Amino acid sequence: MATAYIGLGTNVGNRRGNLVTAVASLAERVGDILALSNIYETEPWGFVSENRFLNAVAVLRTDRSPEELLDATRLIEIEMGRIEKSDGAYKDRIIDIDLLMVDDRIVDTPRLRLPHPLMHERMFVMEPLAEVAPDVRHPLLGKSMREIVTELSLKSKHHGKGQE
């Protein structure tokens with residue numbers, strides 16, 4: 001059995017309902033939900049939109065391989081109405097389910113990279129992840145989720161000064 005950390009995001013439709021549907025589908029098909037973060041409302045990242053996101057992180061216990069998890073999360077996205085995955089151009093979406101980490105595994109294939117290659121740069125991922133797994137360490141950076149959030153927070157305060 002493995003512990004999987006899964007990021008969830010939505011910014012169109014019934015956003016809370018979208019998160020509930022995604023988490024219920026994960027619980028039904030993938031494994032037991034061990035923890036679910038609070039829901040965070042955030043600005044879009046990487047594109048402009050009038051629609052704010054709701055983000056959360058789920059922690060699951062699963063017997064699925066990372067590749068099987070990827071397939072299962074993609075199928076849930078499709079069934080919920082998200083046909084296209086981002087091809088580098090981000091846009092509004094009914095649901096986004098990202099595999100962030102599976103235990104401390106490192107995977108680097110054309111289909112899947114674990115840990116998620118951008119997670120440590122995104123406060124909307126790291127804040128809910130640090131809430132449910134503060135002491136878990138990033139397999140490549142060696143830092144805890146709490147430490148990464150602190151660094152991101154300091155970085156954003158530093159970059160925000162004098163730019164108004």
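Values below: all heavy atoms of this structure, side chains included; hydrogens, waters and symmetry mates excluded. Because the structure is predicted, anything quoted here is derived from the model rather than measured.
- In the hydrophobic clustering of ILVMFWY residues, with side-chain heavy atoms under 4.5 Å counting as a link, L54 and V20 come out apart.
- No side-chain donor-acceptor contact under 3.5 Å links T42 and R52.
- In the hydrophobic clustering of this structure, M123 groups with L141; members are Ile, Leu, Val, Met, Phe, Trp, Tyr whose side-chain heavy atoms approach within less than 4.5 Å, directly or through other members.
- The distance from atom CD1 of I95 to atom CD1 of I78, rounded to the nearest 0.5 Å, is 13.5 Å.
- Of all non-hydrogen atoms in T73 and L70, the two that sit nearest each other are OG1-O, 3.0 Å.
- Interatomic distance, N18 CG to M80 CE, rounded to the nearest 0.5 Å: 4.5 Å.
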Chi angles and distances behind the side chain to side chain contact (heavy atoms under 4.5 Å, CB included) call for V30, L69: CA-CA 7 Å; V30 177; L69 284 172; 3.0 Å; yes
Audit row: M145, M119, side chain to side chain contact (heavy atoms under 4.5 Å, CB included) steps and yes/no: CA-CA 10 Å; M145 299 304 127; M119 65 183 255; 4.0 Å; yes
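- Separation of atoms CZ (R137) and CE (M101) is listed at 11.5 Å; rounding is to 0.5 Å.
- Between P117 and H120 the shortest heavy-atom distance is O-CE1, 3.3 Å.
- At least one donor-acceptor pair under 3.5 Å links the side chain of E147 to the backbone N or O of S144.
- Inter-residue side-chain proximity for V136 and T3 is flagged as unmet; no heavy-atom pair is nearer than 4.5 Å.
- Taking 4.5 Å as the limit, every side-chain heavy atom of F124 sits out of range of all side-chain heavy atoms of F53.
- Under the 3.5 Å distance criterion, the side-chain polar atoms of R146 are left unmatched by any main-chain donor or acceptor of D135.
- Using a 4.5 Å heavy-atom cutoff, the side chains of V102 and R64 are not in contact.
- No donor-acceptor pair under 3.5 Å is formed between the side chain of D103 and the backbone N or O of A2.
- Among all heavy-atom pairs drawn from R122 and L118, the shortest one is NH2-CD1, 3.1 Å.
- Side-chain atoms of L19 and T10, non-hydrogen and from C-beta on, do get closer than 4.5 Å to each other.
- Just one of V57, N38, L36, V149 meets the side-chain contact (heavy atoms from CB on, under 4.5 Å) condition when paired with E131; it is N38.
- In terms of heavy-atom proximity, G81 sits nearest to I94 at C-CG2, 4.0 Å.
- If you take CD1 on I148 and CG on L129, they are separated by 8.0 Å, rounding to the nearest 0.5 Å.
- The line from CG of D71 to CG of L75 is 8.5 Å long, rounded to the nearest 0.5 Å.
- A pairwise comparison of heavy atoms in L99 and I6 identifies CD1-CG1, 4.0 Å as the closest pair.
- Hydrophobic clustering of Ile, Leu, Val, Met, Phe, Trp and Tyr side chains at less than 4.5 Å, counting indirect connections, keeps I33 apart from Y40.
- The neighbour count for R29 CZ, taken as heavy atoms of other residues, nucleotides or ligands under 6.0 Å away, is above 12.
- Atom CG of D98 sits about 7.0 Å away from atom CD of E77, to the nearest 0.5 Å.
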Worked check of side chain to side chain contact (heavy atoms under 4.5 Å, CB included) between E151 and K143: CA-CA 10 Å; E151 288 177 4; K143 298 174 184 174; 2.9 Å; yes
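- Heavy-atom minimum distance, I76 versus S25: CD1-CB, 3.7 Å.
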Candidate pair I39 and E41, rule side chain to side chain contact (heavy atoms under 4.5 Å, CB included), full reasoning: CA-CA 7 Å; I39 295 172; E41 188 167 23; over 6 Å; no
